[in-house]
Amino acid sequence: LFQRMGGLPVLNKIVDDFIDEVATSPRTKRSFDGIKLKTLKESVVAQLCKLTGGGCVYEGETMLNSHRDAKITEAEFDAFVDIFRETLNDYLPTREKNELLRILAPMKRDIVTP
């Protein structure tokens with residue numbers, strides 16, 4: 001999947017655009033207050049690279065640990081996913097986009113506060 005997506009150059013563009021959008025969108029920006037966006041982007045790229053078979057090393061926190069105190073609501077998560085889908089539409093064909101979303105979907109339970 002990593003290669004079919006275009007490797008690190010495309011992952012970097014996706015993550016840059018996506019994080020810039022969610023960090024400023026009224027629907028999601030609350031979750032990014034005080035977050036170092038450059039560090040977050042690097043971590044997300046490494047995680048996506050690893051998850052898609054790119055051979056990168058991800059040394060960041062687990063999704064549960066990194067979102068434990070964020071109190072992410074269902075509505076915020078849904079907005080986050082909407083923005084992510086829109087970003088992916090700019091860079092990936094449908095097959096690769098859906099494959100990536102299937103890989104990431106189980107993370108919801110560790111991100112949303114019940």
Side-chain angles (χ1 to χ4, degrees):
L1 177 58
F2 177 77
Q3 292 302 327
R4 285 187 283 122
M5 288 173 50
L8 283 175
V10 173
L11 269 184
N12 279 306
K13 288 177 184 177
I14 290 169
V15 172
D16 269 348
D17 288 0
F18 173 63
I19 297 296
D20 288 347
E21 180 65 27
V22 293
T24 57
S25 170
R27 300 184 301 161
T28 54
K29 69 181 181 180
R30 176 198 68 84
S31 302
F32 295 89
D33 287 344
I35 301 292
K36 294 177 182 164
L37 297 183
K38 182 179 183 292
T39 303
L40 175 63
K41 288 176 182 182
E42 291 167 357
S43 182
V44 171
V45 167
Q47 185 181 37
L48 292 177
C49 174
K50 179 180 179 186
L51 290 171
T52 59
C56 297
V57 175
Y58 173 68
E59 296 178 342
E61 287 284 343
T62 64
M63 289 298 98
L64 185 59
N65 285 344
S66 63
H67 295 88
R68 177 167 286 142
D69 298 323
K71 297 181 175 39
I72 305 293
T73 66
E74 189 88 26
E76 286 171 317
F77 183 84
D78 290 345
F80 186 87
V81 171
D82 287 345
I83 294 168
F84 191 55
R85 284 178 186 272
E86 290 170 15
T87 305
L88 292 178
N89 286 339
D90 292 339
Y91 293 98
L92 299 179
T94 301
R95 176 182 172 209
E96 284 73 16
K97 177 182 77 171
N98 289 339
E99 212 171 312
L100 178 58
L101 291 170
R102 275 193 302 276
I103 290 168
L104 299 176
M107 292 180 180
K108 179 180 180 178
R109 67 179 165 261
D110 292 336
I111 295 171
V112 175
T113 300

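We're numbering straight along the sequence, starting at 1. This one's a predicted model, so the numbers in the text were calculated from it and none came from an experiment. These numbers come from the heavy atoms of this one structure, side chains and all, not from hydrogens, waters or symmetry mates.
Atoms CG and CD1, from D17 and I83 in turn, are 12.0 Å apart once rounded to the nearest 0.5 Å. In this structure, CD1 on I111 lies 12.0 Å from OG1 on T73, to the nearest 0.5 angstrom. With rounding to the nearest 0.5 Å, the separation of CD1 in I72 from CG in D110 is 12.5 Å. In this structure, D20 CG and L37 CG are separated by 7.0 Å, a value rounded to the nearest 0.5 Å.
Heavy atoms from other residues, nucleotides or ligands lying under 6.0 Å from CZ of R85 number 12 at most.
Annotation: ring pair (Phe, Tyr, Trp, His ring centres under 6.0 Å) contacts involving residues 41-62, sequence neighbours excluded, are absent. The ring pair (Phe, Tyr, Trp, His ring centres under 6.0 Å) contacts involving residues 92-114 comprise nothing, where partners must be two or more places apart or lie in separate chains. Screening residues 49-73 for salt bridge (Lys or Arg N to Asp or Glu O under 4.0 Å) gives no qualifying pairs among residues at least two apart or on separate chains. Counting only residues at least two apart or on different chains, no ring pair (Phe, Tyr, Trp, His ring centres under 6.0 Å) pair has a member in residues 85-114. Sorted by first and then second residue, the pairs that involve residues 15-44 and meet ring pair (Phe, Tyr, Trp, His ring centres under 6.0 Å), not counting sequence neighbours, are F18-F80, F18-F84.
Salt bridge absent: R27 and D78 never bring a charged side-chain N and a carboxylate O closer than 4.0 Å.
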Going by atom type alone, with no hydrogens or angles, which donor-acceptor pairs under 3.5 Å involve a side-chain atom of residues 2-13 and a protein atom two or more places apart or on another chain?
from: R4; atom 1: NH1; to: E96; atom 2: OE2; distance (Å): 2.9
from: R4; atom 1: NH1; to: E99; atom 2: OE1; distance (Å): 3.2
from: R4; atom 1: NH2; to: E99; atom 2: OE1; distance (Å): 3.0
from: R4; atom 1: NH2; to: E99; atom 2: OE2; distance (Å): 2.9
from: N12; atom 1: ND2; to: L8; atom 2: O; distance (Å): 3.0

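Panel note: side chain R30, backbone A70; a donor-acceptor pair is recorded below 3.5 Å.
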